[in-house]
There are 2 protein chains.
Amino acid sequence: MAEAVAGGQDDRTAKARIRDSAITTFATHGVDGASVRLIAEGAGVSPPLVIHHFGSKEALRRACDVHVAAVIREQKRAVIAAGAGLDPLAALRGVAGGLPLLRYLARTLADGTEEVAALLDDLVADAEGYLAEGVEAGVLKPSAYPRQRAAVLLLWSLGALVLNEHVGRLLGADLTADLSAPEALAAAGAYFGPVLELFGQGLMDEGYAERLREGLDPDSAAGPGRR
Amino acid sequence: MAEAVAGGQDDRTAKARIRDSAITTFATHGVDGASVRLIAEGAGVSPPLVIHHFGSKEALRRACDVHVAAVIREQKRAVIAAGAGLDPLAALRGVAGGLPLLRYLARTLADGTEEVAALLDDLVADAEGYLAEGVEAGVLKPSAYPRQRAAVLLLWSLGALVLNEHVGRLLGADLTADLSAPEALAAAGAYFGPVLELFGQGLMDEGYAERLREGLDPDSAAGPGRR
DNA sequence: CACCAGGATAAACGGCCGTTCAGGACCTGG
DNA sequence: CCAGGTCCTGAACGGCCGTTTATCCTGGTG
C-alpha cells in the first residue's frame, strides 16, 4: 500500500500532488477548515479523485502525518551524519519543500494523532542522546533527570513553533522561515538570543531554584506561584 | 439533557450558561468541531437561543475570548495582591471554575484571535515586571534582553500548555490540573523539576552558549545543524 | 481488432451546519 | 381583563460538507 516515499522523484503523480496540497491546505486552514474540494483545487484535480486515492479525508490526513514523519526522520538521519545540532527542527529548515511540512506540524501538533505522538517520542529519544553527548563533551551540564530534561527542551521548542504567530508578533521572529536567508536568521535572533542567554547563564540563583524545587514536594504545599 | 457542572445550582442566567458551555465545548472539540447544537445541549437550551443571545457563533467565540481574558486579568490582580509568583498561569489554577478556562486557552492559543493576542501582550508586560523585581531582589539573573526574555519564558509556558497532551504522555504531568491536589502537584513535578533545574544551572557552558549566540550573526552562516 | 483496468470526472445524495421564522409560555403593569 | 415585553422553542431553509454513483477517456494486452 505504501509507495516508496524515500525516492521522491515521481512527485508528478496525482496522488503525490494531492498529498502535498493537503499538507499545505491543512497547514493554512486547519484540518477542519480544509475541505476536500479545497485540497483538490490546490492539486488541480477533482474532489472525488482525492477520495479515490486515499479512501477518505481522515485517511488522507493520516497519510500526511505518516509522510511528514517519514521526511523528518529521513532528514534527521542526514543531519546526524553531518554532525548533529541542538535544534530538533533544524532538519526541516532549509530542506527543499520542508517549510510546508514544518507549518503542517505546527498546525497539527496540538491535535495529537498517533503518528505525531510516535514521532515526538522518537525526537525525545534522539534529543536525550544528543544531550548525553554534549554532557560527555563538556559543553552541556549534566542533569538529574536526563530524559525529562530532553522532553522539556523538545516541548519548549515545539511549543514555540505552535505559537509561531505569537512569536512573530512579540519578537518579530518567524520560526517557520528558511533560516539560511540572512535576514530571517537575524530576525530569529530575537528568539534565539534570549534562549541562548537562558541556556548559558540560567534564569535564577541556584539556591533559589533549589528551594522552589523542594516546594514541589506534596508535604510542603508551596508550588510555584502560590501564596 | 441537562448536565451538572461543578456547583450544581443553575441559578446562572441562560446567557452565562451558554457562554460557559461554549467554553468547555470549544475546549473539548475545538472551535470548528463544536457545533451550536452541541453547545446548546450542554447549556440545556435550544440552538436558536444561542444565536438569539450572542448573534452568531463567531460572536459567541469572541465573547468567550473576552470573558476568559477578563477572568485571567482579574485573577492576576488577586494573585499580585497576595504576592506574585513566576508561573503566569498560577492565577487560573485552583480558582473555582478556572480549569475549563485554562483548557479553552490551551485549545485556542494557536488560532490567534485579537483578544488572546492582547491578553498575551499584557502577560508579557506583567512577566517583564516580575522578572525585573526578581533581578532587583537578587534571586534572578539580569538579562541583556529583558523584554524578549519575558516573552520567551511566557511562550515556553504557554507552549507547554498547548502541548499538554504530549506533556502528559512524555512526562505524566497534567498542566491543566488543579495543582492544589497533592498527587497532581507531584505529577507536575516531572515537568517543573527539570524546568527548575534548567532555570537554576542553565543548560550549557556559558562560553559555548556565547559562541552559539555569535553564530546568529548573518555573516557566520553556522546555524544549529547544517549540511 | 476487441477488451478491459484504472485514472479521472460531472452530477448528485444524504447529512450536518449556522441561522431564520413564526410563534408559545410567562411575567408585569395598567 | 388585556397589552406588551422578554425569554424561549420546534420547524424549517439554504448551504457546504464528505462521499457515492455512473460514466468517460486512455493506453496497454490478447
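Each chain gets a letter, A, B and so on, in the order its sequence line appears, and its residues count up from 1.
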### Covered region of DNA chain D, 5' end to 3' end, by chain B [heavy atoms, under 4.0 Å]
D:dC8 to D:dA12
Run the side-chain donor-acceptor check on residues 117-124 of chain A: report pairs under 3.5 Å with partners two or more places apart or on a different chain.
| from | atom 1 | to | atom 2 | distance (Å) |
| --- | --- | --- | --- | --- |
| A:D121 | OD1 | B:R169 | NE | 3.2 |
| A:D121 | OD1 | B:R169 | NH2 | 3.1 |
| A:D122 | OD2 | A:R73 | NE | 2.7 |
| A:D122 | OD2 | A:R73 | NH2 | 3.2 |

#### Entry: Nearest-0.5 Å distance that lies between atom CG in B:L49 and atom CD1 in B:I39
12.5 Å
### Message
Does anything in residues 22-31 of chain A come within less than 4.0 Å of DNA chain D? Heavy atoms only, and list the residues if so.
### Response
none
### Task
Give one of base, sugar-phosphate or nothing for B:A59, where a contact means two heavy atoms less than 4.0 Å apart.
nothing
#### Entry: Axis bend over the full length of the helix from C:dC1-D:dG30 to C:dG30-D:dC1, computed from five pairs that close each end, to 10 degrees
20°
### Message
Please enumerate all residues that pass salt bridge (charged side-chain N to carboxylate O under 4.0 Å, His left out) together with B:R19, with sequence neighbours excluded.
### Response
none
### Task
Grab the NZ-C1' distance between B:K57 and C:dT20 for me, whole Å please.
17 Å
### Task
Could you walk me through whether A:F192 and A:L185 pass side chain to side chain contact (heavy atoms under 4.5 Å, CB included), step by step?
CA-CA 9 Å; A:F192 286 113; A:L185 184 63; 5.8 Å; no
### Query
Got a sec: does the CD of B:E58 have more than 12 other heavy atoms crowding it under 6.0 Å?
yes
### Message
Within residues 35-54 of chain A, which residues have any heavy atom lying less than 4.0 Å from an atom of DNA chain D?
### Response
A:S35, A:V36, A:R37, A:P48, A:I51
## Note on the structure
Tightest non-hydrogen contact, residues B:L99 and B:A177, listed as CD2-C, 4.0 Å
#### Entry: Any side-chain heavy-atom pair of B:T113 and B:R61 under 4.5 Å
yes
### Message
Suppose we screen for salt bridge (charged side-chain N to carboxylate O under 4.0 Å, His left out). Which residues come up paired with A:D32, at least two apart in sequence or across chains?
### Response
none
#### Entry: Non-neighbouring partners of A:T24 that pass side-chain hydrogen bond (donor to acceptor under 3.5 Å, both in side chains), sequence neighbours left out
none
#### Entry: salt bridge (charged side-chain N to carboxylate O under 4.0 Å, His left out) involving B:D174 - partner list, sequence neighbours excluded
none
#### Entry: Sequence neighbours excluded, every pair satisfying salt bridge (charged side-chain N to carboxylate O under 4.0 Å, His left out) that has a member inside residues 156-167 of chain A
none
### Query
Sequence neighbours excluded, which residues qualify as salt bridge (charged side-chain N to carboxylate O under 4.0 Å, His left out) partners of B:D20?
B:R12
### B:A59: side chain to side chain contact (heavy atoms under 4.5 Å, CB included) partners, not counting sequence neighbours
B:S56, B:R62
